[in-house]
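Throughout, residue positions are numbered sequentially from 1 according to the sequence presented. We count ligands from 1, going down the list as the structure has it; atoms in each ligand are counted the same way.
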Amino acid sequence: MSFKDLQLNKPLLRAIAESGYDNPTLVQEKTIPLVLDKKDMITSAQTGTGKTAAFALPILQLLFDYQDAPKKGKKINALVVSPTRELAIQIEANFKAYSKYTNLRSAVIYGGTSIEPQKDILNKGIDILIATPGRLLDLHKQDLINLDYVQILVLDEADLMLDLGFIDDVKKIERLCPENKQTLLFSATIPYKVEQLANTILKDPKRIEVTPNASTSKNVNQVLYYVPKRNKIELCLHLLRNTIKGRIIIFRRTKFGVDKLEQTLAKNGYKVETIHGDKTQNIRQDALKKFKNGYVNILIATDVAARGIDIDDLDSVINFDLPNVPETYVHRIGRTARAGNKGVAYSFCGADEKSYIKSIQQLINLQLDVIEDHPYPLDPKAKPIIHKSKTLKSKHKKGRKSEASKKRKKRWY
Ligand code: AMP
């Protein structure tokens with residue numbers, strides 16, 4: 001299928017061609033016709049599937065057509081609510097790129113930065129607003145945002161929105177928009193609470209599921225190290241020195257953990273950038289830029305800060321701390337092995353994290369390769385736990401060499 005087959009208009013087709021897209025992705029093929037048909041939708045698709053264009057393109061087309069009707073000034077006709085600032089910025093960049101040959105205007109507002117420039121942008125009049133929930137409600141309270149003309153509401157990354165405690169804000173925002181609007185809900189996974197939200201706000205929605213909830217790419221080699229918590233930093237340094245090369249994201253559960261690891265890696269001569277919720281917006285953007293430009297090759301992040309950020313060509317992901325929500329593991333490792341490339345996901349499991357690994361393996365229906373041969377085993381005398389469930393497949397087990405033998409072959413020392 002081509003973008004032309006999706007009945008998109010010429011200004012959009014031109015912008016799509018300039019973005020370098022040849023054909024629509026699966027989520028775009030399935031979603032675009034339904035959005036153009038003005039249906040409410042619940043779509044399960046992860047970042048990296050092309051989901052942003054899947055809603056941005058038909059929204060632009062609908063608003064482009066609607067624009068023919070004469071009206072005074074620009075009103076917010078489409079509202080996209082995003083859980084994080086980075087994701088909001090990225091979504092707006094997509095809208096800007098695709099609307100290049102239309103006169104539709106978009107803007108993004110988010111917390112953590114001065115409110116004044118955002119007020120100016122809103123005053124100029126825009127068609128599409130991308131916003132994080134808190135700042136949106138804040139500006140609405142100050143009477144600076146009018147949502148009375150919203151025809152299309154998008155809730156992006158709904159599962160993260162709820163994880164971050166935005167449920168009441170989201171419901172409030174939905175009620176501030178007109179009742180007869182079209183609502184599109186996008187979520188990487190559809191847990192029960194997202195389903196509940198969908199039931200309360202969507203009208204006869206069409207459902208689309210692009211990838212199974214917990215699929216992990218066959219191109220990601222997933223390996224597991226059992227290691228005492230106190231030795232995780234040493235193991236990380238050991239792997240960075242000997243095994244892991246290229247562009248890497250290291251995930252930690254806490255902001256404190258991110259900062260601590262940054263200090264250690266910097267002391268050991270590594271060029272590192274970090275992103276987490278306590279950093280100002282400018283600093284986070286700057287860090288991302290340096291990582292994307294290749295000025296640094298290691299980014300340390302918390303899940304919340306990293307979710308939804310589009311970073312290509314990632315060679316490895318290190319799960320320094322295991323996530324306690326198994327779906328988060330799928331999001332994390334989905335950042336590597338994009339577009340047919342190969343990638344490796346390294347997971348460090350401390351004594352107190354064994355139950356997390358069990359849940360992760362059950363979710364992905366795959367047994368991770370346990371690397372036993374490393375300098376910091378969890379319990380040198382005990383064999384690592386290997387789950388023997390029959391449903392778990394050990395795809396990577398066959399032909400796997402120990403780390404020591406690989407090292408010998410490559411003459412690391
Ligand atoms: P998303 O899932 O929206 O975060 O998109 C992931 C990446 O895919 C972004 O870099 C997009 O620019 C890119 N992308 C979106 N649609 C297409 C397409 N049809 N062909 C190639 N790349 C695309």
(request) Count the heavy atoms belonging to other residues, nucleotides or ligands that lie under 6.0 Å from NZ of Lys229, then report whether that count exceeds 12. (result)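 Result for NZ/Lys229: open.
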
(request) May I have the step-by-step check of salt bridge (Lys or Arg N to Asp or Glu O under 4.0 Å) for Asp40 and Lys206, ending in yes or no? (result) CA-CA 6 Å; Asp40 276 11; Lys206 297 286 171 199; over 6 Å; no

So for ligand 1, is [X] a polar contact partner (N or O within less than 3.5 Å, distance only)?
X     : value
Lys51 : yes
Gln28 : yes
Gly50 : yes

(message) List ligand 1 atoms under 4.0 Å from Asn23, heavy atoms only on the residue side.
(response)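 Matching atoms, with element in brackets: 18 (C), 19 (N), 20 (N).
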
(request) Please could you name the atoms of ligand 1 that Thr52 approaches to less than 4.0 Å, counting only its heavy atoms? (result)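 Near Thr52, meaning under 4.0 Å from one of its heavy atoms, ligand 1 has 1 (P), 3 (O), 4 (O).
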
(request) Return the option from Tyr21, Phe186, Phe3, Phe55 holding the heavy atom at the smallest distance from atom 21 (C) of ligand 1. (result)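 Ranked by closest heavy atom to atom 21 (C) of ligand 1, first place is Tyr21.
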
(request) Give a yes or no answer on whether the side chain of Lys172 reaches the backbone of Ile167 with a donor-acceptor pair at less than 3.5 Å. (result)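 Not a single qualifying donor-acceptor pair exists.
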
(message) With heavy-atom distances below 4.5 Å as the criterion, would you say the side chains of Tyr149 and Pro178 are in contact?
(response)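 They are not in contact (no side-chain heavy atoms under 4.5 Å apart), so the answer is no.
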
(request) Please determine if Lys193 and Asp163 form a salt bridge, counting it only when a charged side-chain N lies under 4.0 Å from a carboxylate O. (result)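 Yes, this pair counts.
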
